Amino acid sequence: MLDPKLLRTKLDEVALQLSRRELNIDKDWFASQEKQRRHLQAATENLQSQRNRNSKLIAQAKSSGQDTTVMLEEMGKIANELKACETKLDDLKSEIHTWMLELPNIPHHSVPEGTTDKDNIEVRKWGDCPGFDFEVLDHVDIGERLGGLDFKRAAKVVGSRFVTMHGQVARLHRALIQFMLDVHISEHGYKEVYVPYIANEQSLTCTGQLPKFEEDVFRLHTSDLRYLIPTAEVPVTNLWRDYIAKEEDLPVKYVCHTPCFRSEAGSYGKDTRGMIRQHQFEKVELVQLVKPESSWRALDELTQHAEVILQKLQLPYRVVTLCTGDLGFASAKTYDIEVWLPSRKGYCEISSCSNFLDFQARRLKARWKNTATRKTELLHTLNGSALAVGRTLVAIMENNQDQYARVRIPEALQPYMNGLEVISRE
């Protein structure tokens, strides 16, 4: 959530910055509501002062034996007026709060202008894209020839956009998870955390998925509002909701593996073949909570940590800066890492690494105690996939295929596969 003080004092500037996202906010509505809020706030405080002053006068009158009937009647009128005024103020504040929940974060000044992913800016590339002297297969055909991927059986169980994995392909998928966790823990200093795969409404609101993107998540049929998590970002970041960190405990760095569940609303007809865009998939997620002055350095660090996984797996990739039109709702700046897929003759997103500044922390009330100023301040939150496991599996299968649809296992993963070097049909 944006800082309400920023909207109150620099409304025109906020509107200008949000227009970079192709969003035109109703400045007149907010200004009118804010004017009414200030009026009700002043009236409420005035009535509270009258109530407190009259309470003292009544107490003094009673102690001196005076008749307080008239004073009590007046007190009753003030109480009724105060209650009505407080109700109006609470309703107005709630209306403004709901409106503010729909406002995305302000893009950082370094975020390039643009409307679609075609306007994203390439930052760097790594690795050489492989060449093949045979007809390249995509991961679906490779997986079916190996007997390792079965989309038809999964469809019988639940429906489209799910997969079952078998044999060594399933083992390779599991090996990737363990490999990623081990690297981030032992080499990058993250603390592993295990979290629930279900989150309540407040949790998804705090990280920005609700109310804007309710159609993108799976809601459970329970008496209260609960959802399958779309990413580990939701439960991990919410571990710090309503919490004040000690300065010496920062930065906080978590790594977490979870399944993720997304309805993929609005993506009909896009990436429907194979494992690229599924309703259920696995991710290893990195989450950091840091001091405000450290967040931009942390974004570069976190992005590099995700890149290390691809480098160790010898998978060619590129890093792009998302433009204003492609930026996520809560993000101030995002780097996407895109891995090379031979079947597409192009790159495919495998990680998004974002700095949210204090946008999420304001909703979370996630704070830290600044020992220099002795003041409590909002933390900055960041996260990134490191990596999306299914898409990493896809990249390995396609980049490491041979003419017989066998798959060479990257050297870094062979210890996790009991020394196996090549996956062939069992």
Side-chain angles (χ1 to χ4, degrees), residues 117 120-132 136 138-139 142 169 171-190 231-233 253 255-258 260 271 274-277 281-288 298-322 334-354 382-401 407-417 421 423:
D117 57 4
N120 296 339
I121 302 298
E122 184 178 291
V123 178
R124 56 184 171 271
K125 283 183 178 179
W126 185 92
D128 297 322
C129 301
F132 299 91
V136 171
D138 70 1
H139 69 282
I142 297 170
V169 172
R171 184 175 183 178
L172 180 59
H173 183 266
R174 174 165 53 90
L176 277 168
I177 296 168
Q178 190 62 60
F179 166 70
M180 293 176 189
L181 289 171
D182 286 350
V183 170
H184 295 312
I185 294 167
S186 62
E187 296 185 21
H188 301 150
Y190 287 84
T231 167
E233 166 197 348
K253 297 168 61 176
V255 60
C256 183
H257 158 250
T258 66
C260 305
D271 293 326
M275 294 177 62
I276 297 300
R277 193 176 296 275
F281 56 97
E282 312 281 314
K283 276 203 305 177
V284 171
E285 193 79 2
L286 304 179
V287 173
Q288 292 196 26
L299 176 61
D300 290 336
E301 174 191 78
L302 188 148
T303 304
Q304 290 166 9
H305 292 163
E307 291 180 64
V308 164
I309 299 298
L310 291 171
Q311 292 170 11
K312 288 179 178 291
L313 296 175
Q314 293 293 301
L315 292 172
Y317 68 88
R318 69 172 186 169
V319 178
V320 300
T321 304
L322 297 195
T334 295
Y335 293 117
D336 265 10
I337 303 175
E338 301 176 344
V339 70
W340 177 259
L341 293 185
S343 67
R344 295 188 170 199
K345 297 180 180 178
Y347 292 95
C348 175
E349 178 205 332
I350 199 168
S351 171
S352 285
C353 301
S354 302
L382 307 93
N383 70 38
S385 304
L387 299 163
V389 181
R391 293 189 181 189
T392 308
L393 178 68
V394 167
I396 289 173
M397 294 174 70
E398 292 199 7
N399 282 281
N400 293 6
Q401 64 181 292
V407 175
R408 177 180 55 81
I409 299 172
E411 186 176 346
L413 290 177
Q414 291 176 17
Y416 295 86
M417 298 288 290
E421 297 181 2
I423 295 178

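We use all heavy atoms of the structure for the numbers below, so side chains are in, but hydrogens, waters and symmetry mates are not. As the structure is a prediction and not an experimental result, all values here were calculated from the model.
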Output the distance between atom NE2 (His139) and atom CZ (Arg344), rounded to the nearest 0.5 Å.
-> 8.5 Å
If only atom types and distance count, is the side chain of His257 paired as donor or acceptor with the main-chain N or O of Ile177 below 3.5 Å?
-> no
Which heavy-atom pair separates Ser385 from Glu285 by the least distance, and what is that distance?
-> OG-OE1, 3.2 Å
Evaluate the criterion side chain to side chain contact (heavy atoms under 4.5 Å, CB included) for residue pair His305 and Lys253; output intermediate values, then yes/no.
-> CA-CA 12 Å; His305 292 163; Lys253 297 168 61 176; 4.1 Å; yes
For side chain to side chain contact (heavy atoms under 4.5 Å, CB included), just list the numbers for Ile276 and Leu341, CA-CA rounded to whole Å, side-chain angles, deciding distance to a tenth of an Å, and then say yes or no.
-> CA-CA 11 Å; Ile276 297 300; Leu341 293 185; 4.0 Å; yes
Is there a side chain to side chain contact (heavy atoms under 4.5 Å, CB included) between Glu307 and Trp126 once you walk through the steps?
-> CA-CA 9 Å; Glu307 291 180 64; Trp126 185 92; 5.6 Å; no
Test Met180 against every option in Val255, Leu286, Val284, Val308 by the side chain to side chain contact (heavy atoms under 4.5 Å, CB included) rule and name the one that passes.
-> Val284
Which heavy-atom pair separates Glu398 from Ser343 by the least distance, and what is that distance?
-> OE1-OG, 2.8 Å
Specify whether His188 and Tyr190 have parallel, tilted or perpendicular ring planes, treating 30° as the upper limit for parallel and 60° as the lower limit for perpendicular.
-> perpendicular
Does some side-chain heavy atom of Leu393 sit less than 4.5 Å from a side-chain heavy atom of Val169?
-> yes
Other residues, nucleotides, ligands: >12 heavy atoms within 6.0 Å of Glu187 CD | yes
Test side chain to side chain contact (heavy atoms under 4.5 Å, CB included), reference Tyr335, set Leu322, Asp300, Leu302, output is Asp300
Is the closest side-chain heavy-atom distance between Ile350 and Leu315 below 4.5 Å?
-> no
Taking Glu338 for the side chain and Arg318 for the main chain, is one N or O donor matched with an acceptor at less than 3.5 Å?
-> no
With a 4.5 Å limit on heavy-atom distance, are the side chains of Pro410 and Ile396 in contact?
-> yes
Do you know the tightest heavy-atom contact between Pro130 and Pro342?
-> CG-CG, 4.4 Å
For the pair Trp340 and Tyr347, name the ring-plane relationship: parallel under 30°, tilted 30 to 60°, perpendicular over 60°.
-> perpendicular
Looking at Arg391 and Glu349, what are the two nearest heavy atoms and their distance?
-> NH1-O, 2.7 Å
Can you tell me if Gln414 uses its side chain to pair, donor with acceptor, with the backbone of Ile409 under 3.5 Å?
-> yes
Heavy atoms of Ile337 and Tyr317 approach each other most closely as CG2-CD1, 3.8 Å
In Å and rounded to the nearest 0.5 Å, what is the OG to CD distance from Ser352 to Glu233?
-> 10.5 Å
Any chance you could measure Leu413, atom CG, to Lys312, atom NZ, to the nearest 0.5 Å?
-> 11.0 Å
How far does CD of Gln401 sit from CD1 of Ile142, to the nearest 0.5 angstrom?
-> 3.5 Å
Between OG1 on residue Thr321 and CD on residue Glu122, distance to nearest 0.5 Å | 10.0 Å
Taking all atoms of both residues into account, what is the closest heavy-atom pair of Ile309 and Ala386, and its distance?
-> CG1-O, 4.0 Å
Kindly compute the distance separating NE2 (His184) from SG (Cys256), expressed to the nearest 0.5 Å.
-> 12.0 Å
